[in-house]
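Just below is one structure, and these are the notes that go with it.
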Amino acid sequence: MTLSERLRQKISDTFYQHGLLCASYPIPIILFTAFCILACCYPLLKLPLPGTGPVEYTTPIRDYSPPSVDNKGDPTDRPDWYLGPPVAYIQQILVKAIVSPWDKNLIPVDVFRSPLSRVFQLVEEIRNHVYRDSAGSCSLEEVCLQVTDLLPGLKKIQKQLPEHGCLIISPGNFWQNERERFDSDADIIATVHQYEPKGLHTSATIKDLLFGVPGKYSGVSLYNRKHVVAYTITIVFQHYNTKFLSSLRSRLKSLHPSINCTLREDQMVHVHFKEEIGIAELIPLVTTYIILFAYIYFSTRKIDMVKSKWGLALAAVVTVLSSLLMSVGLCTLFGLTPTLNGGEIFPYLVVVIGLENVLVLTKSVVSTPVDLEVKLRIAQGLSNESWSIMKNMATELGIIIIGYFTLVPAIQEFCLFAVVGLVSDFFLQMFFFTTVLSIDIRRMELADLNRRLPAEACLPPAKSSTLRARDSQQRCERQTALRTSTPHTITLQPSSFRNLRLPKRLRVIYFLARTRLAQRIIMVGTVIWIGILVYTDPAGLGTYLAAQVSEQSPLGDAGLPPLAVPPVFPGGAPESSLNVLPPSDPTPFLENKSQDDQQFVWNIPAGHVSAPDIAAGPEISWSPGEEEIWRKLSFRHWPSLFGYYNITLAKRYISLLPVIPVSLYLNTQEAIEARHPQDTRRFIPPIPGFDNRVDQLPSKPQVQSDFTLYKVAALGLAAGVLLVLLLFFLYRILCPRNYGQNGMSHGRRHRGELPCDDYGYSPPVSEISPLLLRGHSMDIECLASDGMLLVSCCLAGQIRVWDAQSGDCLTTIPSPGLRRNSSEVWEHQATWELGVELENSFCGTEENLDSAIAEYPLRRRQIPSRLTLFGDQPDLTPLIDTNFSEQTSHPIRKASEGLDGFDYGEVVQQAYQEPKSMTCPQAFPSSPTLSSAVRRHSLGDDSLSSPSRVPSLTPSWPGDWESSVWALELQGNLIAVGRSSGKLELWDAVGGTLRCSNEEGLSGITALIFLSNRIVAARLNGSLDFFTLDVNKPSTLLQHRGTPIRNSMTHSPCYSSDDVITCHLTHVIQCAHQKPITVLRAAAGRVVTGSQDHTVRVYRLEDSCCLFTLQGHSGGITSIYIDQTMVLASGGQDGAICIWDVLTGSRVSHMYGHRGDVTSLICTTTCIISSGLDDLICIWDRSTGIKLYSIQQEVGCGSSLGVISENLMVTGGQGCVSFWDLNYGDLLQTVYLGKCNEGQGVRQLLVLDNAAIVCDFGNELSLVYVPSVLEKLD
Amino acid sequence: MAEVSKIKGLQPVSRGPYISAITNKHMNLMIRGVVLFTIGVFLALVLNLLQVQRNVTLFPPDVIASIFSSAWWVPPCCGTASAVIGLLYPCIDSRLGEPHKFKREWSSVMRCVAVFVGINHASAKVDFANNIQLSLTLAALSIGLWWTFDRSRSGFGLGIGIAFLATLATQLLVYNGVFQYTSPDFLYVRSWLPCIYFAGGITMGNIGRQLAMYECKVIQEKIHQD
């Protein structure tokens, strides 16, 4: 054992153990991985969120000077963008105003009307502020940022924003900074909200821009319970003039002192805005993401045969994503801060890490034997793929390490990430995904059990049988070799329980109807709609919640001493050139206020207003957070403001100066004076108390301001109702309640009980129920059909004719009375074909030993299945001594292994010697073989049977019952029977009479072709006989049979019972092949034979002339297909498939796909389907010879194949037939033929014209009608 | 191909005009060509955008027709080239008689395209110390792309040929002053250009092969639906 093999073994064992572990403790392992992921992602919390969020840098305002353009020699802690002067300095003046004391006669408009009216005075004051000192004067015009035109696209808001002058923004801009306009404005709220977009919005709105505070802070609302109105006046400076700014600050503070203000004033914040992502940058990014999603889509599409495909796909994506997150987190933890743009490299990382391992794992686990325990399956699947996974991982790591040594920083970083990502991905695959897979497979088995129980109640549950447990033990030791060793364990493909594939539209509708998706979506949509309505409603929950939150925040600061600090007048601002408004005297005001406070409390009925409200009172409080009120604005606030003037902030920064707080206290009188005449009319003073306004007032103003909103809501509701009705009708039309019954139009269909639910969904599975044709006492040997009639022959030599439509038995040949006679001798018979062959050689018939040996390997497989076959046949137990057969089986098996001598046990010898010595004619039925291509030789065809029997017309005992039937063909109402004695018989299918027989050949007929009036018989000795049928009609009765069934047969002649049919040998090709002919096919006027001698011969049907001898196989020919297009395919024991051109005799292509014999071969117009002894069904492209895909079937599944339509294939299995979609290789459905005896394999399968399938099933025939869906596809 | 047509010819079944159009060999070829052309145009637009953003290629202002800020003739040229390459690869495969079987699935093709875009991305956005390093890295990446997704000798040979021809064409174009590269270090162009062309050839060939394989399937399905 080399080193690599040892390593491989070790890896495989490790993975096996790991798989067991994962599948045994799924929940703890998933919890563990979740913990790991979270732990590794924890460092990510420290990272700034990706995107274009601004970056801040704070400097003290003292000794501030704009940074120099180059940062050479500067301390390193400042960010690299902090270079040069900022775009602008922004000074915000935060005004908080309150009407105090609040009088109960005041109306809600008073809360903000008079405070807003003060903004004009303030703005004037600021505009006219001039700083003068000895060095000269400095006015605002000199330092402020002069703006020019707005961007041309903004005509709408042109009036609201200043043009050609200083950029000073305040709420007064709504009224063009004119007090008169404000005073004449009847509806302030409407003016303020006129440019507000409806619905959800994220960018900065005009209201936010002008107010400079977030909308809910402004307090410009009718339901402002705190009566505090806040707004800012924003001044944008181009130059930083310390003296001017400080004088302005002190001036404003002295005019409007804020008593308890503790805002910090010593820091200035520089905000750097990142590069904005334009469409040009976005396109490549979007492209890479599209490619990424296509990759994920195409990858996850391959996950199959699991319970929840989408669940697993999700798990796969989660695995990849969280491994990426983990890698970033780990890199951050170890100090490798990512500098790459995460969004850009992410798709490449996903592609590098890939989903392949996950898919390979899934595939491998799914392909393990289904009868194993789940954890063993997982373990096996893991260990099967361990080597390739490790190899891939090593390769990828190698490539990445090579990439690391390119010494390019970006690539190195990428590689580092990729390495960590790969390792964490491996970890997650091994722990997370494997565990999820085990859970999924367990779920699938449970679901399958549940679904299976009603139909297959007699089956033991999949895991409880002790036999299975033992098998599992065995398999656990070594996986692959054991697959064939337990043929008793009949397992069913898990996917065989999948429903029949319906057309897509029907499936969609089923899905919609089943899940009631439409209703639910509408319900959820309505709920969301209502939620949005409630939230965005100015009177609604949003503002209410906001009010609640903001009310509670002062409570936290309650520890501060409540005011009572006498106002301190800063000594500044003596130079103010204009004093518009004398400051109100604060001291009486305060007293006043406290009294009013009391008063106010009295006015409030207890219980209506929460405690913080009372405590806060009409006091203007400055919470520490308000010094940076701009933080609460949208981060697009400043870029959009500057953007209006075509100034970009991308990759530049602005400096925000500390806020100047201004408090305005207005008394009741001022508030009342400021009223607009219409205000009083529109707002009736609330008489019972101000607190009831919450209940009362909303209705009235709401009608005015949000009328459109309600209209939209009503419209939406109506539309929703309409949609529901429409969908309901659609649903009724498409899925009528009696859906389950529409299959009744196929009246013949044998329908079981449909497990319909209330809505009439019947699983289409139950539409296919096989019709069992019972009557034969032994296994069915030959089967032939012409679409209308069905002829079968069992081992006992009994031929039955059935109606292929109804399944009625029409004729039995011989008649039942006669059969009874011969049945007694069957007790002595053993059915082992080797014994039979032995007898052949004993008897000295024409067979030589070579052929017996040569044929032998073909049947090797049959022996184990025969054992079960015998145990399961209830009918035969009285007839066959099972003990006897069990005893004899072992010596025979032994003998079969050593082929050198036919050394049989005494018992067998006797069993065969006895009838031979008696020389009485007996029919020794032979066992069924794999295919009808190879025939056995039974004892009866010795030379003693009289060769010169004259065909008699009497129905009683007319035929040759000593020999068994090897070949059967049906045409019209004639059955051609080829017997092991070499006799060819023609029977009337309806009458059951022998019409003709020919005994010119002595060697057994292995295959027959019956085409119009010609019969070709292939014999065991390799000769090929051509017969011609002559019909001598009685002169008067030249007619065709008039039964309706026959009428539909147009091409095949019908022979009236009055006709005298003679069959004479026209041509004999004595030595067509050196060895027995195994296959005989005819089409397009050609007869093709395949033989054990490795050759295929092509004959012309008319003159029996040999056209070609095709050589190319290195083994005996086992199957041949020829169709009207003259394409000939042949398969041999060497596992090869050859495609020949019949016109030229040349080999078109040559494919190898099977390990072992090719057992059957069928072509469609586009592909070739072959099945082999290795239980593999291969689908090949017909023109190129490339293998499209292959289907691994269960062991001993049989080799019968049929093609119903171009894309529907049917295969026989153990007690079932399976339908496959040829395009994709999907298993569509499996139909179980019987309930208990799955041991019976389907060996022959015929596809009839009416999309029915006939297959043999032990001693029964099974007629399966393919459901209507499939018929439509034809 | 010859066999396909023979089989089709022999089939007596008559089909509708659409199906026969699809199954027609020339039609089939044309459809594939159009698909490849579209993909080529799209990739050219996107990748050129990457280069233009970083000022790697400079187009004189009079040439610019300002369609996605690159010259109008670039996308059609790339589209035509990719159609030719995409059709050439399966054709050569069938001529050589060695059908390409390595990783024949769409997910692999998508991965290949993603890596190709990544190589372009790297050429445009990653800052390398010098041009030699950049070119060597990209060459290694391109060879890696071939090894990961193609591994056929014909693919390699064709890729080399395409890279050579395309580089020659670009040199001629730049020489005649149609456009220019910033900091050319390989005559008139950047030295990584052949690598990009090679990777592009491999990628388009991959797509073309997959389409050629897919086309059969489409025909099959259409027949069934019929």
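Just so it is clear: chains get the letters A, B, ... in the order the sequence lines come, proteins before strands, and each one is counted from 1.
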| request: Would you give the length of the straight line joining atom CG of A/Leu292 to atom CE of B/Met110, rounded to the nearest 0.5 angstrom? | output: 11.0 Å

| query | Heavy atoms, side chains only, cut-off 4.5 Å: are B/Phe42 and A/Thr287 in contact? | reply | yes

| said: Among residues at least two apart in sequence or on other chains, which ones pass side-chain contact (heavy atoms from CB on, under 4.5 Å) with A/Ala316? | reply: A/Leu355, A/Val358, A/Phe433

| More than 12 heavy atoms of other residues, nucleotides or ligands under 6.0 Å from CD1 of B/Ile132: is that the case? | no

| B/Ser107 side, atom OG; A/Ile296 side, atom CD1 - distance, nearest 0.5 Å | 11.5 Å

| Gap between atom OG of B/Ser108 and atom CZ of A/Phe298 - 0.5 Å precision | 11.5 Å

